[in-house]
Amino acid sequence: MVLEAVMIVVDNSESSRNGDYTPTRFEAQCDAINILFQNVIQGNPESSVGLMSMGGKGPEVLATLTVDQGKILEGLHRTKKNIRGSAHLATGIQVAHLALKHRQNKSQRARIVVFVCSPIEDLESDLVKLAKKMKKANTSVDFVLFGDIDEENNKKLKAFNEQVKGSGEGSHLEVIPPSSKLLSDQLLATPILLGENAGQGGAGGGASAAEEFEFGVDPSADPELALALRMSMEEEKARQERAARAEAEASGQNTLETVKEENESTPLLGKDTEPSGDKKDDDKMDTS
């Protein structure tokens with residue numbers, strides 16, 4: 001999968017206390033963020049994930065880019081005690097972009113995933129300008145809009161998405177309304193986790209439609225199975241690569257052991273512990 005550096009922006013504004021998503025909007029984000037972290041790291045062990053919040057007095061980096069899920073969980077736990085104020089969307093994206101600019105591995109694709117569950121106070125014109133800046137910097141921005149799914153929020157995020165998306169992969173806008181399903185379960189079936197092919201295949205139905213999906217499974221019908229199959233394939237591929245490297249190394253070592261030095265087969269000493277070679281009688285001392 002893609003090698004990437006991902007900054008996740010959590011919405012810890014006062015609106016995240018709402019209980020219309022099980023158990024609350026903030027807790028629903030935490031579950032989804034854990035799933036997203038596992039998806040990124042298991043997809044490519046050299047990828048990294050960071051975490052920041054955008055509520056309260058202003059954005060705060062909670063965990064710099066890491067492969068340690070414990071640091072992400074610690075950041076979410078700290079933020080749970082700091083739910084207040086309104087969300088600062090534009091500033092949060094700018095801080096996330098700055099954090100990605102300082103990533104150590106520049107070959108990682110820069111990506112920002114923003115959870116939005118509160119009213120967006122930024123002007124649409126300002127968001128469009130920011131989107132153009134992100135596109136120029138080759139940074140994709142994904143939005144997970146839930147909670148306050150009103151026309152104004154939709155309009156602003158769609159305007160941002162249209163400007164930042166371009167013709168490349170990434171930069172998705174997913175709107176997830178309240179339902180009996182968990183936010184994390186609904187996120188599993190989106191391109192944010194499954195990539196560009198998620199949800200494709202149309203209404204053809206039957207086996208012919210299933211063949212269009214990776215592994216023959218429709219992610220929208222069974223997202224957990226689709227994700228599990230994909231991760232299993234990546235793990236098996238990595239195992240085969242490790243086995244191939246180990247076999248190559250072992251073969252090289254055996255080749256070195258079978259190479260003998262010149263005349264190595266000729267013993268240095270004879271059977272009587274005397275130097276090997278031709279023995280001559282005239283070497284004996286004449287005692288007569």
task: Check for a donor-acceptor pair, side chain of K57 on one end and backbone N or O of R84 on the other, with a separation under 3.5 Å.
output: no
Under 3.5 Å donor-acceptor, T24 side chain and E27 backbone: yes
message: Looking at N12 and G55, would you say the former's side chain and the latter's main chain have a donor-acceptor pair under 3.5 Å?
response: yes
Distance (rounded to the nearest 0.5 Å) between Q108 CD and N44 CG: 8.5 Å
- request: Please round to the nearest 0.5 Å and tell me the distance separating atom CD1 of I33 and atom OG1 of T79.
  value: 8.5 Å
query: Would V61 end up clustered with I83 when hydrophobic side chains under 4.5 Å apart are linked, directly or stepwise?
result: yes
task: Decide yes or no for S15 and P119: does some side-chain heavy atom of the first lie under 4.5 Å from some side-chain heavy atom of the second?
output: yes
task: Flag the pair R111 / T139 as yes when at least one side-chain heavy-atom distance between them is below 4.5 Å, and no otherwise.
output: no
- prompt: How about S118 and D11: does a side-chain donor come under 3.5 Å of a side-chain acceptor?
  reply: yes
query: For the residue pair A110 and R103, what are the closest heavy atoms and their distance?
result: CB-NH1, 4.0 Å
query: Between the side chain of Y21 and the main-chain N/O of G147, is any donor-acceptor distance below 3.5 Å?
result: yes
field: Carboxylate-amine/guanidinium proximity below 4.0 Å for E162 and K165
entry: no
- prompt: Hey, what do you get for CG (D68) to OG1 (T66), rounding to the nearest 0.5 Å?
  reply: 5.0 Å
Closest non-hydrogen atom pair, I149 against P178: CD1-CD, 4.5 Å
task: Identify the heavy atoms of D148 and C117 that sit nearest to each other, and give their distance.
output: OD1-O, 2.9 Å
query: Same cluster for V141 and L123 if Ile/Leu/Val/Met/Phe/Trp/Tyr side chains link at under 4.5 Å?
result: no
- prompt: Quick one: does V6's side chain get under 4.5 Å of R109's, heavy atoms only?
  reply: no
Whether S47 side chain and E4 backbone form a donor-acceptor pair below 3.5 Å: yes
- request: Decide yes or no for L194 and L188: does some side-chain heavy atom of the first lie under 4.5 Å from some side-chain heavy atom of the second?
  value: no
- line: Scanning both residues in full, the closest heavy-atom pair of G92 with M52 reads O-CE, 3.4 Å
Residues forming a side-chain hydrogen bond (donor to acceptor under 3.5 Å, both in side chains) with T64, sequence neighbours excluded: none
field: Chi angles and distances behind the side-chain contact (heavy atoms from CB on, under 4.5 Å) call for Q163, L127
entry: CA-CA 9 Å; Q163 291 295 328; L127 291 174; over 6 Å; no
- request: Please say whether more than 12 non-hydrogen atoms of neighbouring residues, nucleotides or ligands are located less than 6.0 Å from NZ in K81.
  value: no
query: So, for R17 and E14, which heavy atoms are closest and what is the spacing to 0.1 Å?
result: NE-OE2, 2.6 Å
query: Once you round to the nearest 0.5 Å, how far does NE2 of H172 lie from OG of S140?
result: 8.5 Å
- request: Check whether any side-chain N or O of N161 sits under 3.5 Å from a backbone N or O of S171 as a donor-acceptor pair, and report yes or no.
  value: yes
message: Using only atom types and a distance under 3.5 Å, with no angle test, would you say the side chain of T190 pairs donor to acceptor with the backbone of L187?
response: yes
- prompt: Is D20 paired with R25 through a side-chain N to carboxylate O contact shorter than 4.0 Å?
  reply: yes
task: Ignoring hydrogens and angles, state whether a donor on the side chain of S16 or Q29 is under 3.5 Å from an acceptor on the partner side chain.
output: no
message: Quick one: does any side-chain atom of N34 pair with a main-chain N or O of C30 as donor and acceptor, under 3.5 Å?
response: yes
message: S179 vs Q186, test: side-chain hydrogen bond (donor to acceptor under 3.5 Å, both in side chains). Steps then yes/no.
response: CA-CA 9 Å; S179 72; Q186 296 182 75; 3.1 Å; yes
- prompt: Shared ILVMFWY cluster between L182 and L76, side chains joined below 4.5 angstrom?
  reply: no
Heavy atoms of other groups near E152 CD, more than 12 under 6.0 Å: no
field: Those residues that, when tested against E74, pass side-chain hydrogen bond (donor to acceptor under 3.5 Å, both in side chains) (two or more places apart)
entry: none
- prompt: Should D142 and I112 count as side-chain neighbours, where that means a heavy-atom distance under 4.5 Å?
  reply: no
message: Treating K156 as the side-chain partner and I120 as the backbone partner, does any N or O pair qualify as donor plus acceptor under 3.5 Å?
response: yes
statement: Distance col, row L62:CG vs I72:CD1, nearest 0.5 angstrom, shows 8.5 Å
- request: Over all heavy atoms of both residues, which pair between V128 and A159 is shortest? Give the atoms and the distance, please.
  value: CG2-CB, 4.0 Å
message: Taking L73 as the starting point, is it possible to reach L183 by hopping between hydrophobic residues whose side chains are less than 4.5 Å apart?
response: no
- line: So CG of L193 and CD of E174: to nearest 0.5 Å the spacing works out to 10.0 Å
query: Hey, are the side chains of V113 and V9 touching, using non-hydrogen atoms and a 4.5 Å cut-off?
result: no
message: A side-chain contact here means heavy atoms from C-beta on lying under 4.5 Å apart; do V10 and F115 qualify?
response: no
- prompt: Looking at side-chain heavy atoms only, is the closest gap between V175 and F143 below 4.5 Å?
  reply: no
query: Between V67 and L36, is there a shared hydrophobic cluster once you connect ILVMFWY residues whose side-chain heavy atoms come closer than 4.5 Å?
result: yes
